[in-house]
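Reading through the structure tokens given below for one structure.
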Amino acid sequence: MDKIRVRFAPSPTGFLHVGNVRTALFNWLFARQNKGTFVLRVEDTDAERSSVEYEDNLITSLKWLGLDWDEGPESGGPFGPYRQSMRQDIYSPYTQRLLEEGKAFYCFCDPEELERNRKEAMASGKMPIYSGKCRTISIKEAKDRQAKEKTAVVRLKTPDEGTISYKDIIRGHLSFDLKLIGDPILVRSNGRPAYNYAVVIDDALMKITHIIRGEDHISNTPRQLLTYEALSMEPPQFAHLSMVMGQDNTRLSKRHGATSIDQFDKDGILPESLFNYLALLGWSHPEEKEILTKSELVKAFNLNHLSRSAAIFDYDKLHWLNRQHIKVLSTRDKAEKACPFLKAVGFMPEKMSDEIWAWLGEAVEDLIEGADRFSDLPEKFSPFFDFNPEDMDRESREILETECGRKVVTLLSAKISHTEQFDYDIFASFAKEIKDETGCKGKDLFHPLRIALTARTSGLKLDRFIYLVEEGVRLSFPRPIKSCTQRIAEVLDFMG
RNA sequence: GCCCCUGUCGUCUAGCCUGGUCUAGGACACCGCCCUUUCAAGGCGGCAGCACGGGUUCAAAUCCCGUCGGGGGCGCCA
């Protein structure tokens, strides 16, 4: 069997979203699994809507996700160019041949007239199909007219009877009634190839063996098959992927939140998490394993076992997977991933010293527990850098006003004022003494103690918190960490 | 409107091809318990589904037909 070649052919007319990227990912998995070739082809023929900005975004997003391609716009390859706008002159020899062989013809129909026909057909409950009106114009007459008017499009002559069918890798046998397929436009009146024509020639020339694309292309397939046939070219195999939907079961769009790939990075989702999640949307591991690395996915992936029905994108599950992938990161990696998020809120300095990296590493190990995303971290770090009794919530204030609250904080303050070096052991012995002296215990004891140190009712375990605060006091953060002694003093002061 | 695809817990899915082993398995979410003198995480457990209606068959989630629901397509867009 020939070496497998697949392609991802996006048009740079918007930010890459999860549906498209999943298509890219399945192509990539299939290529890598079969030691085949993954081609990136940019379909930028629509000059109106395409932009370099989107193309850059597309490439950045694919790379971020960990997809690499063997042939593509910047890397080149034996079947280039890989940017469709640079392939304009390769189509016309094929068009001439089809015209000469009588497999295609010039059509002079007015677009407005066609539009009218379409509307009429729909209104009378029929499928709108090109009438075949210009088929009978002789090639000589057509060429003369075209030379003068330059308004003709080239259409493929398709059979009027029978069916065309093929075997889809995912959906099995699919067949279409030829009566319902009009003569598709191959070349527009401005001389540029239409999509359905360009893809066929590009895919054929690039020797693509498997076309893995979205379900929205199913109805293009019979037209493309007919084109391959007219061209006497061997068609590739097709696999049509189900769509990815938003939570409300409608087509993915901006209002569904983070559907553009770069947004996931901004939200603190690891690329390997998105990768893993997207692979699981429509495919499942034979042993139903869910937390999978890229190489495990390459090994286990199977194009034949894809779901045929659309899937809803579920952020909860993505976040859960993200947590699993974060967990196995090294301390250093966790710290590095966390750093930009903490810099953004001014917790970390622009220039990180070794001491601060070390502190951050320890802190991250404690605080990432139970966090879904790195973007959760600023909130989790705020007890260190944003300590201010004024900002306490109602619950904390109320606890401080209780009898135990007042007694515990006052006593703690008195005890700590005699202490040079504070640590958790000292804190623990204070706590025991306070318990004995006040009779406050359990929640009544530990809640006020926590509030005195953090100005919050919940958070990190206090042994780790005290350790990190006392370590952090000595480091130069943009917003210095206040010592435990100072915190307690401020809370007491606040209580009046 | 017409054509095509699709329909298992709220969500992602296993099972369907090769009917019985399915009183339908797993995961996320949710609920409860345990752990923890907080919250989360973690451990354990629970709730919850074969869209509906007809066939075929001794037997149907699995095969056939219909209905309904969802999606896609019907461009000189890609």
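Just so we're on the same page: letters track the sequence lines, and every chain starts at 1. Heavy atoms only: backbone and side chains are in, while hydrogens, waters and symmetry mates are out.
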Can you tell me if the side-chain N/O atoms of A:Arg464 get under 4.0 Å from OP1 or OP2 in B:rU36? no
Strictly under 2.5 Å separating the two SG atoms? Check that for A:Cys440 and A:Cys404, please. yes
B:rC39, OP1 or OP2 - any side-chain N/O from A:Arg456 closer than 4.0 Å? no
Write down the distance separating the P atoms in B:rC44 and B:rA29, rounded off to the nearest Å. 15 Å
Please state whether the phosphate of B:rC76, meaning OP1 or OP2, lies under 4.0 angstrom from any side-chain nitrogen or oxygen of A:Arg192. no
In whole Å, measure the gap between the P atoms of B:rA60 and B:rG55 for me. 12 Å
Any side-chain N or O of A:Ser309 under 4.0 Å from OP1/OP2 of B:rC5? no
Does OP1 or OP2 of B:rA78 have a side-chain N or O of A:Arg188 closer than 4.0 Å? yes
Looking only at atom C1', what distance separates B:rC16 and B:rG49, rounded to whole Å? 16 Å
Ignoring hydrogens and angles, state whether a donor on the side chain of A:His447 or A:Thr402 is under 3.5 Å from an acceptor on the partner side chain. no
Can you identify which nucleotide, out of B:rU6, B:rG73, B:rA78, has its nearest atom closest to the A:Ser11 side chain? B:rA78
Cationic tip of A:Arg145 within the cone over A:Tyr106's six-membered ring, i.e. under 6.0 Å and within 45° of the normal? no
Between B:rG7, B:rU11, B:rU38, which nucleotide gets closest to the side-chain atoms of A:Arg450? B:rU38
Write down the distance separating the C1' atoms in B:rG26 and B:rG71, rounded off to the nearest Å. 27 Å
Pairing partner of B:rG1, by Watson-Crick or G-U wobble and under 3.5 Å for both distances, is B:rC74
Which nucleotide in the set B:rU38, B:rC12, B:rG1 lies at the smallest distance from any side-chain heavy atom of A:Met122? B:rG1
Taking B:rG25 as the reference, what is the distance to B:rG69 when you measure between their C1' atoms (whole Å, please)? 26 Å
Could you check which nucleotide pairs with B:rC68 in any of the strands shown, counting Watson-Crick or G-U wobble with both distances under 3.5 Å? B:rG7
Looking at B:rC63, which nucleotide sits across from it as a Watson-Crick or G-U wobble partner, both distances under 3.5 angstrom, or is there none? B:rG55
Give the nucleotide from the list B:rU36, B:rA29, B:rA78 with an atom nearest to the side chain of A:Trp320. B:rA29
Check every atom of B:rU38, B:rA27, B:rC74 against the side chain of A:Glu290 and return the nucleotide holding the closest atom. B:rA27
Under 3.5 Å, is there a donor-acceptor pair linking the side chains of A:Asn322 and A:Tyr315? no
Distance check, C1' atoms only: B:rG70 and B:rC30, in whole angstrom units. 25 Å
Worked verdict on A:Lys133 versus A:Glu113 for salt bridge (Lys or Arg N to Asp or Glu O under 4.0 Å): CA-CA 12 Å; A:Lys133 188 180 169 188; A:Glu113 181 191 335; 3.1 Å; yes
Could you work out the separation of B:rA41 and B:rA78 based on their C1' atoms and round it to a whole Å? 46 Å
Sort out the partner of B:rC30 for me: Watson-Crick or G-U wobble, both distances under 3.5 Å, none otherwise. B:rG46
Roughly how far apart, to the nearest Å, are B:rU56 and B:rC65 at atom P? 15 Å
